[in-house]
Amino acid sequence: MWWGVAAALLANTLYSLGFVLEKRALTSLPEVSIRQPARLLRLVIGSPLWIGGSLALAAGFAAQLVVYRTLPIAAAQGIFVSGLVLLVLLSARLLGEETSGRERYALGAILLALLMVVLSLREGSDTVSQDAPYQLILLVCVPSLAAGVWLYASAERRTRNRHRRPTTGVEYGVAVGLLYGVSSLAIKGVSSRLTTHGIGGAMLDLLSSPYPYLLLFTGVFGLVMSQAALQRCRASLIVPVCTTVTSLFTAVLGTLSFGEALPDEPLRLALRVAGTALAVAVLLTMPKHDTAPQPSPPAKELASP
């Protein structure tokens, strides 16, 4: 189980580094839009810095597979949210994004939530489910994907209003978070399919499930949507919102879908539930409008060509 905790912290590090590198690369690129996905992909693939960020995210995905094979879904999400601390620190250091006092208080709350979730774990007493009914997974995921795409499109329409107030990107973060929530459930499903003996049998078992196709959809749409959102908004705000929505979605619907039981002991149950709830409360503290000055462009020698 503690290997799962270590893998979750490693995934946090890789995801935070990947998002920051992609954000830094996007600041030196022309404006991108989801209405021109081919142009967006052509621009980002031509940036070595963006490629480095994508490789870090891919490595984080691999670490997440280990997490879901060793930790309950709710516990894993409580640890994943702790990655927001590192993200904010990297954003301040590498992107010049200043954080508000409210955001700094939120970091302290996230660290407390992480401690509570870790204390709720006990080796051998937590069940890690490996399967879920496909019909239930699709019932949860398909409406969530539709809601995420609709919310993102609505935010894009408001963004084109020249008289709007500068936004922090909360709407973008919620929309992308819904897609990544579905992706997180798909990753959990993929990890469960890899238990079949033999590579051929595992691949056939995997391809007969909805998980690789959900991953393909969320991978393509999540890539295009997140890059456009990252270019418009501060990473230190949009990624925490996205992460919190993803964690809430996965902790609640993933636990129900895969039938994982919460701890029986009252103290451990209270720590698990309160820690997850505290992490989710971070989303409610995020301001709707951005009053912080926009960060200056990164130094030329560090920007992607």
Under the side chain to side chain donor-acceptor pair (under 3.5 Å) test, residues paired with Y134 that sit two or more places apart:
R193
Report the C-alpha separation of F80 and N12 in whole Å, then their side-chain angles, then the decisive distance to 0.1 Å, and conclude whether the side-chain contact (heavy atoms from CB on, under 4.5 Å) test is met.
CA-CA 6 Å; F80 285 145; N12 283 346; 3.5 Å; yes
Who else is in the cluster with L204 when I, L, V, M, F, W and Y are joined by side-chain contacts under 4.5 Å?
none
Which Ile, Leu, Val, Met, Phe, Trp or Tyr residues join L14 in one cluster when any pair of side-chain heavy atoms under 4.5 Å counts as a link?
L10
Less than 4.5 Å apart, any side-chain heavy atom of Y213 and any of L207?
yes
F249 meets the ring pair (Phe, Tyr, Trp, His ring centres under 6.0 Å) criterion, sequence neighbours left out, with none
Donor-acceptor check, side chain of Y152 to backbone of M225, threshold 3.5 angstrom: yes or no?
yes
Does L269 have any side-chain contact (heavy atoms from CB on, under 4.5 Å) partners at least two apart in sequence or in another chain, and if so, which?
L262, P263, V273
Taking atom types as modelled and ignoring hydrogens, do the side chains of E22 and Q227 form a donor-acceptor contact shorter than 3.5 angstrom?
yes
So does K188 get a backbone contact from the side chain of S191, meaning a donor-acceptor N/O pair under 3.5 Å?
yes
With sequence neighbours left out, write down each residue that passes ring pair (Phe, Tyr, Trp, His ring centres under 6.0 Å) with F61, or none if nothing qualifies.
none
Which distance, rounded to the nearest 0.5 Å, do you find between the OG1 of T13 and the CG of L87?
11.0 Å
With sequence neighbours left out, what residues match V224 under side-chain contact (heavy atoms from CB on, under 4.5 Å)?
I34, P37, L40
So, using side chain to side chain donor-acceptor pair (under 3.5 Å) as the criterion, who are the partners of S154 when residues are at least two apart?
R157
Look up atom CG in L178 and atom SG in C242, then write down how far apart they are to the nearest 0.5 Å.
9.0 Å
Report the C-alpha distance between V67 and I79 in whole Å, list the side-chain angles of each, state the deciding distance to 0.1 Å, and finish with yes or no for side-chain contact (heavy atoms from CB on, under 4.5 Å).
CA-CA 10 Å; V67 173; I79 299 175; over 6 Å; no
Applying side chain to side chain donor-acceptor pair (under 3.5 Å), can you list everything that pairs with T255, at least two apart in sequence or on another chain?
none
Rounded to the nearest 0.5 Å, the CG atom of L95 sits from the OG1 atom of T27 at a distance of 7.5 Å
Mind checking whether S91 and K23 have side chains closer than 4.5 Å, heavy atoms only?
no
Taking every non-hydrogen atom, the tightest pair across C141 and L214:
SG-CD1, 4.0 Å
In this structure, CG of L26 is separated from CG of L43 (nearest 0.5 Å) by 9.5 Å
Using the test side chain to side chain donor-acceptor pair (under 3.5 Å), find all partners of Y15 that sit at least two apart in sequence or belong to another chain.
Q64
Go through the structure and list residues passing side-chain contact (heavy atoms from CB on, under 4.5 Å) with T250, not counting sequence neighbours.
Y68, I73, Q77, S184, L185, T246
To the nearest 0.5 Å, what is the distance between CD1 (I137) and CG (L253)?
9.5 Å
F217 and L145 have their tightest heavy-atom pair at CD2-CD1, 3.8 Å
Hey, does F19 have a side-chain heavy atom less than 4.5 Å from the side chain of L57?
yes
I need the S257 OG to L139 CG distance, nearest 0.5 Å.
8.5 Å
If hydrophobic clusters are built by linking Ile, Leu, Val, Met, Phe, Trp and Tyr wherever their side-chain heavy atoms come under 4.5 Å apart, do L71 and V66 end up in the same one?
no
Tell me every residue that passes side-chain contact (heavy atoms from CB on, under 4.5 Å) with L112, counting only those two or more places apart in sequence or in another chain.
M116, L278
Heavy-atom nearest pair, V245 first then G177, reads CG1-C, 3.8 Å
State which residue, out of V182, V220, V190, fulfils the side chain to side chain contact (heavy atoms under 4.5 Å, CB included) condition with L215.
V190
